[in-house]
Trainee: 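Below is the structure I would like to discuss, written out as structure tokens.
Quick note on labels: first sequence line is chain A, next is B, and so on, each numbered from 1.
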Amino acid sequence: MTRVFSNLALAIGAVFAFAAQAADQQVIKRGEYLARAADCMACHTAEGGAPYAGGLPIHSPFGTIYGTNITPDKQHGIGNYSDDEFFAALTEGKRKDGANLYPAMPYTSYHLIKREDADAIHAYLQSIAPINRAAPTTDLSFPFNVRTGLMGWNLLYGKSVQVQPAAGNSEAWQRGQYMVEVLGHCGECHTPRNLIGALEQDKRLSGGVLNGYLAPSLLAKDLAERGWTQPDLATFLKHGMSAQGSMFNEMYPVVHHSTQHLEDGDLSAMATYLLGDQPPAARVVQAVAHETMTASSQRGRQQYLNVCAGCHGADGEGKPHIAVAMKGNTILRQADSRNLVKVVLDGIREQQFTGFERMQPMPGFAGKLDDQQLTDMVNYLREAWGGLPGDLSTEQLAQLKVD
Amino acid sequence: MADRKLQLTLNGQPVVTEVVPDDLAMLDYLHEYQNLTGSRLGCGQGICHACVVIVDNPDGTCEEVRTCITGAHYFEGKKVRTIEGHAQLDDAGNPVALSPIQQKFVERFAFQCSYCAPGFVNAATVLVENAQRKPLKKSELEGAIEASLGHHVCRCTGYVRYYEATRDVLGDLGLVKEG
């Protein structure tokens with residue numbers, strides 16, 4: 001009889017142990033999803049490097065900051081961090097030794113992360129392979145290399161203010177707010193920064209310039225002006241492409257590391273948050289007769305036919321799996337021509353998207369066309385498919401080239 | 001769509017064509033208006049580089065330009081060389097001597113079906129001529145060949161022989177310096 005009881009006790013113990021392990025696995029799995037949503041990988045993985053082992057250079061006006069090793073390695077990673085210490089790093093920008101992290105770590109957005117979500121991310125990171133490798137040392141100029149100087153910065157700017165891009169209060173909108181503002185930390189790039197690198201919170205999500213390119217405004221009225229609808233935004237996040245064009249520059253890795261892995265409900269919630277519970281109607285661009293265009297745009301059409309139409313089509317229709325359409329493309333619809341000019345000058349590397357979708361490399365035209373030709377071409381693109389005036393001057397173009 | 005006049009220099013000869021559609025690809029202009037059919041249409045989307053021609057720049061340098069994705073009017077006023085412009089011809093227009101690159105490609109059996117050969121000849125010629133203006137260091141040689149030919153596609157996989165032939169020509173012409 002005693003043996004029966006002891007066997008029974010063992011069996012019950014095993015069931016509990018198994019249940020606990022299963023619960024741990026569930027937490028780890030949820031942590032993996034949340035780490036995707038928070039896009040930890042983008043900065044904490046070097047190009048071609050081991051996942052989360054750090055080393056990606058992040059260039060700032062103050063110097064180069066390197067993403068750190070956040071694998072559970074005890075020497076170079078976060079293997080010795082407790083849940084509390086991890087939470088402090090995530091939400092307060094505090095390292096285990098008490099030093100301040102540079103705000104390239106978006107603790108200014110993560111500070112509103114739910115404790116259980118932070119713990120799940122920590123559990124996931126502790127479960128991955130430890131990589132015994134030091135990330136390169138961050139190299140900032142004086143006085144930015146003195147980490148204690150960040151105490152004042154943190155007092156002023158450490159907490160983000162919630163300025164909403166659009167009105168709403170539905171369940172989807174609230175979930176979207178958490179996904180966009182906290183986990184997704186979209187505002188870290190899509191918000192202008194002041195001279196000492198802090199987000200201008202009263203202009204939150206209204207667009208910021210990053211390494212010469214514009215992370216465009218995500219305010220509902222601006223998104224609608226550029227032709228975005230909620231389903232298109234969700235598609236764009238899921239696949240890196242939509243009728244409005246494809247992700248490029250700093251946004252390109254985001255679809256690979258983060259948004260393609262998110263559940264449809266969360267992507268839809270993000271779109272709901274950005275465009276609001278009552279989304280404004282997406283503006284439709286009216287076709288413009290060639291004869292009514294500015295002289296610059298009329299000249300620009302020939303430049304377009306010479307060097308763009310081979311892939312983007314004479315009528316801007318694009319070619320599937322080769323080059324995106326110009327008709328309906330959101331980059332042409334930004335009043336600020338910065339990105340259009342930069343892309344024309346720099347080109348875009350070959351891009352791969354979800355499934356077998358890909359776009360061929362686009363050549364850059366810096367040095368191939370003179371400033372007048374470039375200006376004319378940009379004006380044509382703006383006027384033909386952007387719904388914008390063809391009024392860029394060669395002086396403005398020259399300024400954007402060096403900016 | 002509209003038509004416009006096109007003037008350019010083609011294989012050393014000034015050419016004027018009064019009526020050229022404004023959206024005509026250069027490759028079609030060469031084939032259909034000039035009967036220069038040696039430039040090849042491969043992918044038609046700027047990847048395989050079988051269609052490249054040489055453009056001689058005013059500063060004395062030259063470069064390859066893809067004609068399947070570039071409009072004919074891009075070449076307005078420019079000096080263009082096609083595969084037909086490399087060999088020496090007699091008065092009847094028959095080839096009497098190949099260019100050094102062409103000759104070495106033949107000797108090295110660099111091409112098989114030859115579809116990609118015009119593009120490779122033009123690209124290797126650009127490399128050789130730019131090296132004549134600024135000789136290459138030995139340490140730069142392999143990188144320079146890769147940068148010039150690496151994006152050209154050969155479905156018969158003749159890459160090694162193209163590379164060897166190009167290396168030979170650069171060496172034979174004394175364009176590779178120690179260093």
Trainee: Could you check whether atom CZ of Arg155(B) has more than 12 heavy atoms from other residues, nucleotides or ligands sitting under 6.0 Å from it?
Mentor: no

Trainee: If you draw a 6.0 Å radius around NE2 in His321(A), do more than 12 non-hydrogen atoms from other residues or ligands fall strictly inside?
Mentor: no

Trainee: Quick check: are there more than 12 heavy atoms from other residues, nucleotides or ligands sitting under 6.0 Å from CD of Glu350(A)?
Mentor: yes

Trainee: With the side chain counted from C-beta on, respond yes when Ile69(B) and Cys308(A) share a heavy-atom pair under 4.5 Å apart, and no when they do not.
Mentor: no

Trainee: Tell me, do Leu305(A) and His73(B) make a side-chain contact under 4.5 Å, heavy atoms counted?
Mentor: no

Trainee: Pair Tyr304(A), Asp23(B) - check side-chain contact (heavy atoms from CB on, under 4.5 Å), show working.
Mentor: CA-CA 9 Å; Tyr304(A) 176 81; Asp23(B) 63 343; over 6 Å; no

Trainee: Checking the side chain of Gln45(B) only, and the main-chain atoms of Cys311(A) only, is there a donor and an acceptor separated by less than 3.5 Å?
Mentor: no

Trainee: Would you say that more than 12 heavy atoms from the other residues, nucleotides or ligands in this model lie under 6.0 Å from the NZ of Lys401(A), or not?
Mentor: yes

Trainee: If you compare all heavy atoms of Lys319(A) against all heavy atoms of Gly44(B), which two are closest, and at what distance to 0.1 Å?
Mentor: NZ-O, 3.7 Å

Trainee: Does Glu76(B) form a side-chain contact (heavy atoms from CB on, under 4.5 Å) with Gln302(A)? I'd like the steps, not just the answer.
Mentor: CA-CA 11 Å; Glu76(B) 172 71 32; Gln302(A) 188 60 56; over 6 Å; no

Trainee: Tell me, yes or no, whether the heavy-atom count around Arg283(A) atom CZ, taken from other residues, nucleotides or ligands under 6.0 Å, exceeds 12.
Mentor: yes

Trainee: Nearest 0.5 Å, what's the NZ-OH distance between Lys368(A) and Tyr74(B)?
Mentor: 6.0 Å

Trainee: Is Arg40(B) atom CZ crowded by more than 12 heavy atoms from other residues, nucleotides or ligands, each under 6.0 Å away?
Mentor: yes

